[in-house]
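To start, the structure itself, in structure tokens.
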Amino acid sequence: MTAPDPKDFKPAPPAPQPGGLAARAMVRPATPPYLEQLNPEQRAAVEALDGPVLVLAGAGTGKTRVLTTRLAHLLNTQKAWPGQILSVTFTNKAAREMKERIGALIGNMVEGMTWLGTFHSIGVKILRRHAELVGLRSDFSILDTDDQIRLLKQLISTEGIDEKRWPARQLAAHIDGWKNRGLTPDKVSQGEGAAYANGKGKKLYAEYQARMKILNAVDFGDLLLETLRLFMENEDVLKEYRIKFKYMLVDEYQDTNVVQYLWLRLLAQGTQNICCVGDDDQSIYGWRGAEIDNILRFEKDFPGAKVIRLEQNYRSTPHILAAASGLISHNEDRLGKTLKTDLKDGDKVILRGHWDGDEEARTIGEEIEALQIKKTNLDEIAILVRAAFLMRSFEDRFITLGLPYRVIGGPRFYERAEIRDAMAYIKITQSPDHDLAFERIINVPKRGIGSTSVKKMHQFARDNRVSLYRAAQAMCQNGGLTKRTASSLAGLLEDFARWRSKLDTLDHTELAEIILDESGYTQMHQVSKDPKSDGRLDNLKELIRSMADFENMTGFLEHVALVMDTTSEDAEQKVNLMTLHAAKGLEFDHVYLPAWEEGLFPHQRSLDESGHAGLEEERRLAYVGITRAKKRATISFAQNRRVHNLWQTSLPSRFIDELPQENIATDDMDSGYGGYDKSVFGGSRFDDITPFSNTYQTPGWQRAQQRQKSGDNLHTAPKIIEGQMAATDSTPSAFEPGTRIFHQKFGYGEITDISGNKLTIEFEKAGEKRVIDSFVEVA
DNA sequence: CTGGAGGATCTTTTT
DNA sequence: GATCCTCCAG
């Protein structure tokens, strides 16, 4: 998939009124060159400018190209100005990419496309303009997940609820779910409100919203929900935006949730010029409220909608495509598409079983090294995992091998503790009433202001209906704190006042440096013996550096709140490591898909929480994974894997069974493509086990299947079952300390400690390990 | 009251 | 392996 050549596009002549007489009279070439490069379906999707259009774009069918060309076409035919087109994407990455590619087509006219962005960033923009209509001030702050949890924890403990029993995260998840479905507290049904803490959920939600209004803050969900409320309650505002957005373009429509859907529908009822692009087979955000239904019922929502299917795949070889198609055909809820490719045969999808996760990482590492020697571009190699923790074994391996790699969407820069601390200092300097930020750093570095003092301040703040900062000020002067605490606190408040006075005069990066320096925060890390401190100091420097890209502090804070990732452009070739979710929309020559094991993939949690729908979503995730590959896909699984420092035995994923056999090569020596050499790297006991035969005869697998049949798997996994069942089981372990045992991975050993079903065993060869009791037998 | 040390419990995916 | 939480000493 390549971007259309910029020189094929002739910029539109300057500017008669769109749709005006002059525009209509203008002579244009019959077929603009950029259209000729498209296939008939793509072209139809680009040219159907007016009225509702749904483009069902299968993986690798040139979706982004259609989107960008369509935008260019809209501008070129002068149907609209850049500022009259609303184009929403799902991620910042997608928004950035689209902007770049449109820029390549239309040049700096792209700067006029002010309404291109994620739902959230567009929501903020609209909300800031009309903040007072939803009870906010226009300088409201945006809370991230961490702030959200802290705030909820406070509310929960005030309510006298045991946070142990009812975790704040759970409440946050409920609230998020409600917001995703467009439910304000008053609209949450009693039954649902009861889902948390015996019926207190609804009340807490209302309290949370009220508290946010006092703090002049919103969370991610509000950015959508409050914008929707704004439109629904203010007809004139809605009308304004209906007129403003002459054309609407929605990317990844299958990932929209109910609020986003309502929001779009409300706006689209004006001109009806809405074009949604998506692929029902790639809907992987159901857990975040995405309604695959939105795309499935588009034609009902917009009567007379044109539906265009893009089925010509330009990315993958036939075997890869067939394997992916075969897998996804096991899903029931789909619109159905048949992807075709003109590419030549290529390799079959390779399937490999491993003895354990380490061997899997080793094998993949060796193979990538072999590719590297053959001068393969490392940027074209990716390892896609189901869960982030699976990346670690690959990182370890790559570090040992000296293989350069990058983690995409890994631990986010702005989520690191030191960055959040620094940001908190900056936020307080700018808006003193930001209670959550204040609380975060009030005792970092240590100032002798402990939790008891903070509690007192909270009490005072609540009683007098002021912010924590004001409460602190008052209590410093009027007493209520110990002398020591009060003087320390007074010092801090003075610092803040001083920094604040410089806010307008001093350059924001300079001020940030002064704040970090004078607060003692930098010093705290300099003095620390923690080996990670150096890295933290580097991160702080990087923070200051990235601030320089922004005009002022306000602009920077907005960026941080919405665009959590940093775009570090590195020229060096590196292997890509990421989760399957992060991989959507990307493509690579070589794709590795490790850890296809029951319980992990499909993930047990997904099955427990969403049942059949969850399984289908997991399958779509697998489909997304395979379809990222252009030339070669390698799927693997391991029989043993360490999770939370415990060894677990796993079964191959059911998805492996669903792959069409004729497109799969189970013998890695057959591939003739740098397969690893057993004689060199040491074969494993698993090498001769093909996943289609005796693996499924293992006792564990049969047990798992029996449990599934008896419906006993609601809360336990076939895989993790062994641990979880035993953990909840009150029957004591059959083992005793001192017992000599045998374990199939580690050999003989002696039990030194027992905690529930977890055994600590001193192995003769492998040293001390913790394992689950069901994996060992008395020797 | 504060701060350090040691312990339990997790990790699916993200704006 | 990391973070959060609890407990205990000063």
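Nothing here was measured: the structure is a model prediction, and the numbers come from that model. When reading the values below, keep in mind they use all heavy atoms of this one structure, side chains included, and skip hydrogens, waters and symmetry mates. Sequence lines set the chain letters: A, B, ... in the order given, protein chains first and strands last, and positions in each chain run from 1.
Contacts between residues 250-265 of chain A and DNA chain B, defined by a heavy-atom separation under 4.0 Å, are absent.
Figure legend: A:R128 and A:F140 shown as a cation-pi pair, the cationic atom lying under 6.0 angstrom from the six-membered ring centre and within 45 degrees of its axis.
Phosphate proximity of B:dT13 to A:K584: absent, as no side-chain N or O sits under 4.0 Å from OP1 or OP2. Look at A:S121 and you won't find any side-chain N or O under 4.0 angstrom from OP1 or OP2 of B:dT15. For A:N92, no side-chain nitrogen or oxygen approaches OP1 or OP2 of B:dT14 to under 4.0 Å. Listed pair A:T579 / B:dT14 meets the phosphate criterion, a side-chain N or O lying under 4.0 Å from OP1 or OP2.
Listed nucleotides B:dT2, B:dT15, B:dT14 differ in distance to A:S453; the shortest reach to its side chain belongs to B:dT2. When distances are taken from the side chain of A:R169 to each of B:dT15, B:dC1, B:dT11, the shortest belongs to B:dT11. The listed nucleotides are B:dT13, B:dG3, B:dC1; the one nearest the side chain of A:N443 is B:dG3. Closest approach to the A:K446 side chain among B:dG4, B:dC1, B:dT14 is made by B:dG4 (side chain taken as heavy atoms from C-beta onward). Of the candidate nucleotides B:dT13, B:dT14, B:dT11, B:dT13 has the atom nearest to the side chain of A:A388.
The nearest whole Å value for the distance from the CD atom in A:Q282 to the C1' atom in B:dT13 is 15 Å. Distance CD1 (A:I122) to P (B:dT15): 15 Å, rounded to an integer number of Å. Taking atom NZ on A:K455 and atom C1' on B:dT2, their separation rounds to 13 Å, with Å as the unit. With rounding to whole Å, A:M391 atom CE is found 15 Å from C:dG1 atom P. We find that CD1 of A:I142 is positioned 11 Å from C1' of B:dT15, with the value rounded to whole Å. The distance between atom CD of A:E558 and atom P of B:dT15, rounded to the nearest whole Å, is 16 Å. Rounded to a whole Å, the CZ atom of A:F389 is 12 Å from the P atom of B:dT11. As a whole-Å value, the separation of A:E395 CD from C:dA2 P is 12 Å.
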Please lay out, stage by stage, how A:I626 and A:L327 fare under the test side-chain contact (heavy atoms from CB on, under 4.5 Å). CA-CA 10 Å; A:I626 299 173; A:L327 178 66; 4.0 Å; yes
Polar atom pairs (N or O), protein with nucleotides 3-5 of chain C, under 3.5 Å:
residue, atom, partner, partner atom, Å
C:dC5, OP1, A:K153, NZ, 3.3

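Checked by atom type, the side-chain pair A:Q148/A:K153 shows no donor-acceptor distance below 3.5 Å. Residues A:T89 and A:D251 have side chains that never bring a donor and an acceptor to within less than 3.5 angstrom of each other.
Ring geometry for A:Y405 against A:F398 counts as tilted: the plane angle lies between 30° and 60°, on a 0 to 90° scale. A parallel orientation is assigned to the rings of A:W178 and A:Y205, their planes being inclined by less than 30° (bins at 30° and 60°). In this pair, A:F119 and A:F90 present their aromatic rings perpendicular. The plane angle is above 60°, beyond the 30 to 60° band.
Closest-nucleotide positions on DNA chain B for A:T485 and A:R288 were compared, and the one nearer the 5' end corresponds to A:T485. Positionally, the nearest nucleotide of DNA chain B for A:V454 lies more toward the 5' end than for the other of A:R605 and A:V454.
As judged by a 4.0 angstrom heavy-atom cut-off over every strand, A:S451 is placed among residues touching the sugar-phosphate backbone only. Counting any heavy atom pair closer than 4.0 Å across all strands shown, A:K456 reaches sugar-phosphate atoms only and no base atom. Contact annotation for A:F119: no contact, since no heavy-atom pair falls under 4.0 Å across all strands. Among the protein residues, A:R484 comes within range of no part of the nucleic acid, since none of its heavy atoms lies under 4.0 Å from any strand. A:E617 comes within 4.0 angstrom of no nucleic acid atom, judged by non-hydrogen atoms across all strands.
Remark: aromatic rings of A:F637 and A:W596 are distant, center separation not under 6.0 Å.
Here A:K584 pairs with A:E252 in a salt bridge; the nearest charged N to carboxylate O distance falls below 4.0 Å.
Looking at A:S283 and A:D255, their side chains come closer than 4.5 Å, going by heavy atoms from C-beta outward.
Annotation: A:E159, atom CD; neighbour count of heavy atoms from other residues, nucleotides and ligands within 6.0 Å is above 12.
Residue side chain A:W287 meets the stacking definition with respect to B:dT13: its ring centre sits within less than 5.5 angstrom of the base's six-membered ring centre, and the planes differ by less than 30 degrees. Both stacking criteria are satisfied for A:F220 over the base of B:dT15: a centre-to-centre distance under 5.5 angstrom and an angle between ring planes under 30 degrees.
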